[in-house]
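As a basis for the values below, the full set of heavy atoms in this structure was taken, side chains included, without hydrogen atoms, waters or symmetry mates. Not measured: the values here are computed from a predicted model.
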Amino acid sequence: MKLKSKTIGRNTPRRRRKRIAGIVIGLFSVALIAYCAVSFSLSGREMLRSVALVEYVPCHALVVDGKERLFFSDIDTTHSFPALASHPTRLHTQSAFSTGFWVNRFPFFPSCKGRLLTAVHRQKTYQSLSSSDLQKAIKAVKEDVLRKYQALEHRVNEIDYYLNVHSVKDEGYTDIAGYANQLQKEYEEMGRILKLLDAIKPTSRLSVVDKTRYTVVTSGGRKVMTCIATSPHNDLLLLQTVDASTPDGCAPVTFLPLNIRLTGSDVLAVSHAGMRLKAIVEQADTAVILPGRMLEARQLDIHRALLTDGSPIFSRRGNLIGIFANDKIIPCSEAFQTLYSTK
C-alpha cells in the first residue's frame, strides 16, 4: 500500500507530458479566441470599407425550345408581360440599387476573390409557371402587341405624311423629324417582337431564366458582377466580379454561422441611405453607419427610408450579426449557407 501511494504522488514523465499538452492546448485556445476577436470584428472605418453599392437591371429571358427569344423585366400577378423586348439592351428598365458587402469564404485567411453578398427582392412568380401557363400568357400578350403595332403603324404613316408635305423651313419641323425617328424605332422593335411571338408554336416548350445584370459601384469605378449563388429561402445573392478580383481598399467581412440573439441590444447598420432618399448616384455612393436597436421578430428601430436591402448589421463590437433584407434581419447562419452553396 505504501508503494502504491508513492507511485500516485510521483511526478512521472507521462503526467508531465499531459500537463504540458494541457498548457499548450489552453494557450492555443486563448490565442485562437483572441485571433477570432480581432479578425471577425471591424472598426468603424473598416465597416465603411466593407460595403459597396450594387446596381442591378431586372431582366428575364423567355426560352423557346431551348433558345432565348424574348426579354422582359417582370411578370405581373395576372401572368402577363408588362413589357417585352427582342434584345436585353432594348428593354427599357430602370436600374435598382442595393447595398452589398465583400466577404471572405474561409474564416482564417483572405479568401474574398471578388465575392460580394447582397440582397435583392426578386420576383419569383415566373419560377412556378409551367410551359402551358406561359403559352396562355403569350397568347394574351400577342393580341396586345398586335394592337400596339397597328397603332404605331398609323402614327408613323401620319408623321411621314406631315414630313412629306412640309419642309425644313417650317417651324417645328426639326423637332417633329426627331420624334418621327424615335417613333420609327419603336415601330420596328414592335414588329420584331410580333414576329418572334408569331414564331412560337403551340407545341413549343417554354421556360423563363433570370438574366438580371449586376454592377458594383466603388470609388475606383464600376465592375461587372456575376451571380454565382442564390438562396431559395430569402433574398440573398452571392455575386462575384468577372475577373474574381477584389477592388483595392476594401475590407472583406469574415463571419461564422451563428444565430446571435441581440434583442434590445445596440447595433450598427451600414447603408447607402442616399438611395432610399432618391439622391443622385454620385452622392448615394457614400455609405453611412446608422446606430440602432434590435427589436423583436428581427426588426430594427431604424427608419426604413434609411436602410437599403443588403445592408450588413454589426454588433457594437464590430461583429456581423445579420443582413437587412425585405424589412427584416436575415441571420448569419442563412447567409453562411448562401456563401457556401457554390464552389
Side-chain angles (χ1 to χ4, degrees), residues 32-54 98-120 214 216-220 223 225 227-231 234-241 244-260 262 265-273 285-292 294 298 300 302 307-325 328-342:
L32 182 62
I33 293 173
Y35 176 82
C36 291
V38 174
S39 299
F40 293 3
S41 62
L42 302 182
S43 64
R45 182 174 296 180
E46 288 172 330
M47 290 181 195
L48 294 174
R49 288 168 47 209
S50 71
V51 300
L53 185 67
V54 178
S98 66
T99 295
F101 58 98
W102 305 100
V103 290
N104 284 318
R105 190 167 186 231
F106 302 105
F108 301 110
F109 57 89
S111 51
C112 179
K113 293 185 177 180
R115 294 185 180 91
L116 183 138
L117 197 61
T118 186
V120 172
Y214 301 93
V216 63
V217 183
T218 66
S219 57
K223 276 182 170 287
M225 306 287 284
C227 181
I228 60 175
T230 61
S231 173
N234 50 54
D235 293 326
L236 292 184
L237 297 177
L238 183 63
L239 307 178
Q240 188 175 26
T241 54
S245 65
T246 306
D248 295 334
C250 297
V253 177
T254 302
F255 64 95
L256 293 175
L258 302 176
N259 284 337
I260 305 175
L262 294 175
S265 301
D266 293 331
V267 296
L268 300 171
V270 186
S271 173
H272 292 88
D285 186 19
T286 303
V288 294
I289 298 177
L290 304 170
M294 186 75 75
R298 300 180 183 177
L300 285 176
I302 302 175
L307 286 172
T308 45
D309 285 339
S311 298
I313 310 299
F314 295 92
S315 67
R316 284 288 182 173
R317 294 183 178 180
N319 300 108
L320 183 73
I321 60 175
I323 301 98
F324 180 82
K328 65 180 181 180
I329 305 299
I330 298 175
C332 286
S333 58
E334 296 185 24
F336 205 78
Q337 293 175 4
T338 306
L339 182 60
Y340 278 85
S341 60
T342 184

J.: So, taking the atom named CD in Gln240 and the one named CH2 in Trp102, what distance separates them when rounded to the nearest 0.5 Å?
T.: 9.5 Å
J.: Roughly how far, to the nearest 0.5 Å, is the CD atom of Gln337 from the CG atom of Leu236?
T.: 10.0 Å
J.: Ignoring hydrogens, what is the shortest heavy-atom contact between Pro312 and Val51? Give both atom names and the distance.
T.: CG-CG1, 3.7 Å
J.: Taking only residues two or more places apart in sequence or in another chain, which ones pass ring pair (Phe, Tyr, Trp, His ring centres under 6.0 Å) with Phe336?
T.: Phe255, Tyr340
J.: Grab the two heavy atoms, one from Leu42 and one from Glu46, that are nearest each other, plus how far apart they are.
T.: CA-OE1, 3.3 Å
J.: Going by side-chain hydrogen bond (donor to acceptor under 3.5 Å, both in side chains), name the residues that satisfy it together with Thr99, two or more places apart in sequence or in a different chain.
T.: His272, Thr308
J.: Enter the distance from Leu116:CG to Lys223:NZ here, rounded to the nearest 0.5 Å.
T.: 12.0 Å
J.: How many angstroms lie between CG in Asp266 and CE in Met294, if you round to the nearest 0.5 Å?
T.: 10.5 Å
J.: Which value, rounded to the nearest 0.5 Å, describes the distance between Phe314 atom CZ and Ser43 atom OG?
T.: 10.0 Å
J.: Any sub-3.5 Å donor-acceptor pair from Arg49's side-chain atoms to Gly249's backbone N or O?
T.: yes
J.: Measure across Leu320 and Cys332 and return the closest heavy-atom pair with its distance rounded to 0.1 Å.
T.: O-SG, 3.3 Å
J.: Tell me every residue that passes side-chain contact (heavy atoms from CB on, under 4.5 Å) with Ile289, counting only those two or more places apart in sequence or in another chain.
T.: Met47, Leu48, Leu268, Val270
J.: What distance separates Leu307 CG from Leu290 CG, expressed to the nearest 0.5 Å?
T.: 6.0 Å
J.: If you define the side chain from C-beta out and look only at heavy atoms, does anything of Leu117 sit under 4.5 Å from Leu238?
T.: yes
J.: Quick one: closest heavy-atom pair of Ile302 and Gly292, and the distance?
T.: CG1-CA, 3.9 Å
J.: Looking only at heavy atoms, which two atoms of Ser50 and Val253 are closest? And how far apart?
T.: CB-CG2, 3.7 Å
J.: Please enumerate all residues that pass side-chain hydrogen bond (donor to acceptor under 3.5 Å, both in side chains) together with Thr241, with sequence neighbours excluded.
T.: Asp243
J.: With sequence neighbours excluded, what pairs up with Cys227 under the side-chain contact (heavy atoms from CB on, under 4.5 Å) test?
T.: Tyr214, Thr230, Leu237, Leu239
J.: What residues form a side-chain contact (heavy atoms from CB on, under 4.5 Å) with Pro110, not counting sequence neighbours?
T.: none
J.: With distance as the sole test, does Thr246 use its side chain to make a donor-acceptor pair with the main-chain N or O of Cys112 at under 3.5 Å?
T.: no
J.: Please report the closest heavy-atom contact between Asp309 and Ala119, naming both atoms and the distance.
T.: CB-O, 3.5 Å
